A.B. asks: 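Submitted below is the structure of interest, expressed as structure tokens.
Computed from a prediction, not measured in an experiment: that's the story for all the values here. Just the heavy atoms: all of them, side chains too, but no hydrogens, waters or symmetry mates, feed the values below.
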Amino acid sequence: MGAGASVHEPPQCPDGYEIEKFKKILHLFDVYDADGSMSISSEDGPVVLGLARRIVERKIKVLNN
């Protein structure tokens, strides 16, 4: 365990996927990643966790159409 910050590669848009849709998905994720952990965890509470997953799934479905 170190004291330094981890270095993460920025997410790359998959081949053949619209870059604007990909940017919207990343923005949506950032909105829900309030603590900077790059995840939605069970510590967020089961109701919040379920709601966040449903919202993200719906938004991604809309963006993919």
A.B. asks: Checking K21 now: which residues fulfil salt bridge (charged side-chain N to carboxylate O under 4.0 Å, His left out) with it, not counting sequence neighbours?
C.D. replies: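 K21: salt bridge (charged side-chain N to carboxylate O under 4.0 Å, His left out) contacts with E18.
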
A.B. asks: For E57, check salt bridge (charged side-chain N to carboxylate O under 4.0 Å, His left out) against everything at least two apart and list the hits.
C.D. replies: none

A.B. asks: For side-chain contact (heavy atoms from CB on, under 4.5 Å), just list the numbers for N64 and Y17, CA-CA rounded to whole Å, side-chain angles, deciding distance to a tenth of an Å, and then say yes or no.
C.D. replies: CA-CA 9 Å; N64 280 325; Y17 196 82; 2.5 Å; yes

A.B. asks: Measuring from atom CD1 of I25 to atom CG of L63, what distance do you get when rounded to the nearest 0.5 angstrom?
C.D. replies: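 If I round to the nearest 0.5 Å, the distance is 5.0 Å.
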
